Structures are given as C-alpha cells and as structure tokens.
J.: 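Questions regarding the structure given below will be posed in turn.
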Amino acid sequence: TISMIVINEEGHVVAGTSTNGARNKIPGRVGDSPIPGAGAYADSEVGAAVATGDGDVMMRFLPSLLAVEAMRAGLDPEAAGQQAIGRIAKYYPTFSGGIVVVTKDGRYGAACHGMEEFPYSVADRTVSDGDVRVLTVKC
Amino acid sequence: NGGLPLVATTWRFTNATLRAYQSLTVGEFDPIEALVEGCSVCEREQCDGTVGFGGSPDENGETTLDAMLMDGKTMDIGAVAALRDVKHAAEVAKYVLRNTKHTLLVGSQATEFAVMMGFKKESLQTDASRGMWSAWKNNHCQPNFWKNVIPSPSMSCGPYEPVSANTIHHNADSSLDNPTDRSSFEFGQYNHD
C-alpha cells in the first residue's frame, strides 16, 4: 500500500491510498485502505493521517480517524499516532502496522508496531528541490 | 517540522512522493490531482509488490486493487475496492469522487464503472503473481485466513466447509484459533494493506 498526505500552500489537506491488499486473501476480501478513517483520513481544520499494515485488524479501529481526532484534542502528530497504534496493539499484540500523521501546518510524526522500524517519506518546502527525505521510526 | 506545501507517504516510495510534490509545486495541480499523480507512480512501479497490478494474488491467483481519495476541505471521498481488471485504481477513485455522489464502488461493478469512464479492461496477473500463487498453492495454501472449517486450514487447501458451532465450542483445538494472534500472516514491508 501507498498511503499519502498532500497539503498545498493554502492548507488544503487531502489524503489517500492505493493498494493490491494482502497476499493469499480470500477472494472478495478488502482491507483498511479504501475505508475512510481506517487507511486514511483528512480534515483541513486539523490535518491528516494515513495507515498501512495488517488491514483486517487496522480497519476495526479506524486508526487514521483516531489520530486526527487526537490532534484535534491537542496531541502532537507523533503522540497522536502512538495513541492510535497503541489502541490496536492492546487487543492485537502481534499485529503489524504503521501510521504517518501530519498537522494542517506541516508538522509530522509517525508510529508503528510489529516491525523493527517503519520508514516514511516526506517532501516539503525545507527540502532542496527534487529531494525527498526518508525518515524511520522505531517500533 | 516541515513547511507547506508538503507531501508525506508511507514506506520508502520516494518517486511517488516526489511526483506528488512536483505536481503541487511545478505543475500547480490541485491537491487531489497531486495525490492521484503520486499514487499512480506506485501503481505503475508496483512499489514493493504491494501496489498496482501483479502483486498480492488472492486464493484464486487474481490481483484486485483498492484506492481511496479524501478531500479534507469538503469531506468528499471517492474510493474503489476489490477493483478487477483495471490497472489505475487511484484514477478510477478520482472518477468516483468527481463524477458520482457515492463514496465507494466495489468489485465487478466498479470495473464496469471504470470502463464506462474510459478505462481499459486488462488482466492484472503477471508471471510474478502467478509464481507467487503457485508457490503458495504448492505449500498447502499456507498461510491462509480461514478458521473453524474442515479440512483443517492449517494443513490443507480448500474447498472448505464450516464446522458446527457445537464442535467449535467443545474442541479447544478448533484449527488452533487464537483470534488475536496475527504473527503467521507474514505482514511486513512486502505484504501489507
């Protein structure tokens, strides 16, 4: 899955996903990626979050919505992501997944579970032209 | 802390991130167009085998695609799920967003919608996805996502039928099902939603 957040100069926030899902799935199965609030959620008043991982589990908790709402309540992006991922890990300690969270003004963070580390990519005004920064967060 | 405009993407999909960013800054696309441009790069490049055609075959060896676009200003959404035989899922989701009052179209009907919008119908199978499927089949269909069925899904391929509720209740073994254990599914960098 690629899950992506885009914010333009005017603060218009959008988010989305594209995926071919999980390997060996039962035909007809769909994961979290096309489900609003699960694979992605965006609100220009707050920011956005996008998730990736074991979609059967993640879609039960709407982690992207949870993270955006946590930011609305005052958490920074990393803490919001940790809270959303932590909610899932409490019930599914062996699940694997990650989340990227961005505020409407361009502050970002990530959180993950069940992997050693989770990489994510960022391009913004602070990176020189044609460059993308790859960051990793330890799970 | 970044500065606007900004694009952030899961995993190391830098070509997709850059394309979306340049669509915003150089192309002056609107954010939804930039998002579609970025995701479409991964669909073409088959990023890590987890996006686009020829990856993650299902139990029948078919690849299906899911995509969603959400506009955080209008709260409008366009999405497709289990899209069959069309390569450009993010683009099709854009047509759901722009040309319908719905949120999510699925399966073969989503394919019919895509064809109506001018997309080409073509198989999403590749030699690589056929190979992945054959390897899984030759490995007694392991791992899989069945439980409480016979024959035992931990040892055999289907077709399966459900075991009776009574048997599930009284048989502690019942396909060794621990509902919270996800460790056998091999989710990670090359297999994920």
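Quick note: numbers below take in every heavy atom, side chains included, and nothing from hydrogens, waters or symmetry partners. Order of the sequence lines sets the chain letters (A, B, ...), proteins ahead of strands, with each chain counted from 1. Nothing here was measured: the structure is a model prediction, and the numbers come from that model.
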J.: Write down the atom of A:I2, the atom of B:V51, and the distance for their closest heavy-atom approach.
T.: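 Taking A:I2 first and B:V51 second, the nearest heavy atoms are N-CG2, 3.5 Å.
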
J.: Under the criterion side chain to side chain contact (heavy atoms under 4.5 Å, CB included), I'd like the reasoning laid out for B:T180 against A:Y91: C-alpha separation, chi angles, the key distance, then a yes or no.
T.: CA-CA 7 Å; B:T180 68; A:Y91 292 91; 5.8 Å; no

J.: Check the hydrophobic clustering (I, L, V, M, F, W, Y; side-chain heavy atoms under 4.5 Å; chains of links allowed) and say if B:L24 and A:V50 are grouped together.
T.: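 Yes, because B:L24 and A:V50 connect within a single hydrophobic cluster, where side-chain heavy atoms sit under 4.5 Å apart.
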
J.: Look at the side chain of B:S56 and the backbone N and O of A:G21, then say whether any donor-acceptor pair between them is shorter than 3.5 Å.
T.: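 Here the side-chain-to-backbone pair exists.
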
J.: With a 4.5 Å cut-off on heavy-atom pairs, point out which of B:V7, B:D193, B:V36 contacts chain A the most.
T.: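 Going by pairs under 4.5 Å, I would pick B:D193.
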
J.: Which residues, numbered in order, of residues 56-74 of chain A come under 4.5 angstrom of chain B by heavy-atom distance?
T.: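 Answer by number: A:D56, A:V57.
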
J.: Pick one of side chain, backbone, both or neither for B:I77, based on which atoms fall under 4.5 Å of a heavy atom in chain A.
T.: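 Just its side chain gets close to chain A.
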
J.: What heavy-atom pair brings B:T14 and A:S121 nearest, and what distance separates the two atoms?
T.: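 Between these two residues, the closest heavy atoms are CG2-OG, 4.1 Å.
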
J.: How about A:T52 and B:W11: does a side-chain donor come under 3.5 Å of a side-chain acceptor?
T.: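 Yes.
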
J.: With chain B, which of A:P27, A:S33, A:S96 has the greatest number of heavy-atom pairs at distances under 4.5 Å?
T.: A:P27

J.: Name the member of B:N60, B:V106, B:T63 that forms the most heavy-atom pairs with chain A at distances under 4.5 Å.
T.: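 Heavy-atom pairs under 4.5 Å are most numerous for B:N60.
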
J.: Are A:R29 and B:D66 ion-paired here, with the side-chain N under 4.0 Å from a carboxylate O?
T.: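 Looking at A:R29 and B:D66, the cut-off is not met.
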
J.: To the nearest 0.5 Å, what is the distance between CH2 on B:W146 and CG on A:N24?
T.: 13.5 Å

J.: Using modelled atom types only, decide if a donor and an acceptor are shared between the side chain of B:H192 and the backbone of A:T1 within a distance under 3.5 Å.
T.: yes

J.: Can you measure from CG (B:N191) to CZ (A:R23) and round to the nearest 0.5 angstrom?
T.: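 Answer for the CG-CZ pair, B:N191 versus A:R23, is 4.5 Å.
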
J.: Heavy-atom pairs under 4.5 Å with chain A: which of B:E59, B:K137, B:E43 has the most?
T.: B:E59

J.: Under a single-linkage definition using a 4.5 Å side-chain heavy-atom cutoff for Ile, Leu, Val, Met, Phe, Trp and Tyr, are B:V80 and B:F113 assigned to the same hydrophobic cluster?
T.: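 Yes, B:V80 connects to B:F113 through the hydrophobic network.
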
J.: Applying the 4.5 Å side-chain criterion to the ILVMFWY set and letting contacts propagate, would A:M4 and A:V102 be lumped into a single cluster?
T.: yes

J.: Of all of A:V134, A:V100, A:N8, which one pairs up most often with chain B through heavy atoms under 4.5 Å apart?
T.: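 That would be A:N8.
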
J.: Under a 4.5 Å side-chain heavy-atom rule over Ile, Leu, Val, Met, Phe, Trp and Tyr, are A:I26 and B:Y160 clustered together?
T.: yes

J.: Which residues, numbered in order, of residues 116-126 of chain B come under 4.5 angstrom of chain A by heavy-atom distance?
T.: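 Listed by number, there are no contacting residues, so the answer is none.
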
J.: Do you know which of B:C42, B:A79, B:A82 has the most heavy-atom pairs under 4.5 Å to chain A?
T.: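 The residue among B:C42, B:A79, B:A82 with the greatest pair count is B:C42.
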
J.: Residue by residue, which of residues 76-87 of chain A have a heavy atom closer than 4.5 Å to a heavy atom belonging to chain B?
T.: none

J.: I'd like to know if B:D58 pairs up with A:K25 as an ion pair, taking the criterion as any Lys NZ or Arg NE/NH1/NH2 lying under 4.0 Å from an Asp or Glu carboxylate oxygen.
T.: no

J.: For the CZ atom of B:R182 and the CG atom of A:D54, what is their distance to the nearest 0.5 Å?
T.: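 Atom-to-atom, B:R182:CZ and A:D54:CG are 4.0 Å apart.
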
J.: Just checking B:Y190: does its OH atom have more than 12 heavy atoms from other residues, nucleotides or ligands closer to it than 6.0 angstrom?
T.: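 At most 12 heavy atoms, drawn from other residues, nucleotides or ligands, come within 6.0 Å of this atom.
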
J.: So how far is it from B:F187 CZ to A:M115 CE, rounded to the nearest 0.5 Å?
T.: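 That separation rounds to 11.5 Å.
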
J.: Any non-hydrogen side-chain atom of A:Y108 less than 4.5 Å from a side-chain atom of B:L6?
T.: yes

J.: Counting heavy-atom pairs under 4.5 Å with chain A, which one of B:G54, B:A67, B:S40, B:C141 comes out on top?
T.: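 That would be B:A67.
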
J.: Is it the case that more than 12 heavy atoms not belonging to A:E45 sit under 6.0 Å from its CD atom?
T.: no

J.: Identify the heavy atoms of B:G3 and A:D124 that sit nearest to each other, and give their distance.
T.: O-CB, 3.3 Å

J.: For A:Y92, is the OH atom crowded, meaning more than 12 foreign heavy atoms sit under 6.0 Å from it?
T.: yes

J.: Rounded at 0.5 Å granularity, tell me how far OG1 in B:T17 sits from CZ in A:R133.
T.: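 Those atoms lie 12.0 Å apart.
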
J.: So which part of A:A48 gets closer than 4.5 Å to some heavy atom of chain B, the side chain, the backbone, both or neither?
T.: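 Contact with chain B: none, neither part.
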
J.: Which residues, numbered in order, of residues 11-19 of chain A come under 4.5 angstrom of chain B by heavy-atom distance?
T.: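 Residues of residues 11-19 of chain A touching chain B at under 4.5 Å: A:G11, A:H12, A:V13, A:V14, A:A15, A:G16, A:T17, A:S18, A:T19.
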
J.: Answer with side chain, backbone, both or neither: which region of A:T103 has an atom nearer than 4.5 Å to a non-hydrogen atom of chain B?
T.: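 For A:T103, there is no contact with chain B at all, as no heavy atom is under 4.5 Å.
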
J.: Show, in sequence, the C-alpha distance, side-chain angles and deciding distance for B:R12 and A:T136, and conclude whether the side chain to side chain contact (heavy atoms under 4.5 Å, CB included) test is met.
T.: CA-CA 9 Å; B:R12 294 175 195 274; A:T136 53; 3.8 Å; yes

J.: When you group the ILVMFWY residues by side-chain heavy-atom contacts below 4.5 Å and let the links chain together, are B:F29 and B:Y21 in the same group?
T.: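 Different clusters: B:Y21 never reaches B:F29 through Ile, Leu, Val, Met, Phe, Trp or Tyr contacts under 4.5 Å.
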
J.: With respect to chain B, which residue among A:N20, A:V6, A:I7, A:T94 yields the maximal number of heavy-atom pairs within a distance under 4.5 Å?
T.: A:N20

J.: Output the distance between atom CE (B:M75) and atom OH (A:Y41), rounded to the nearest 0.5 Å.
T.: 3.5 Å

J.: Find the one option among B:D71, B:L69, B:L83, B:L35 whose heavy-atom pairs under 4.5 Å with chain A are most numerous.
T.: B:L35

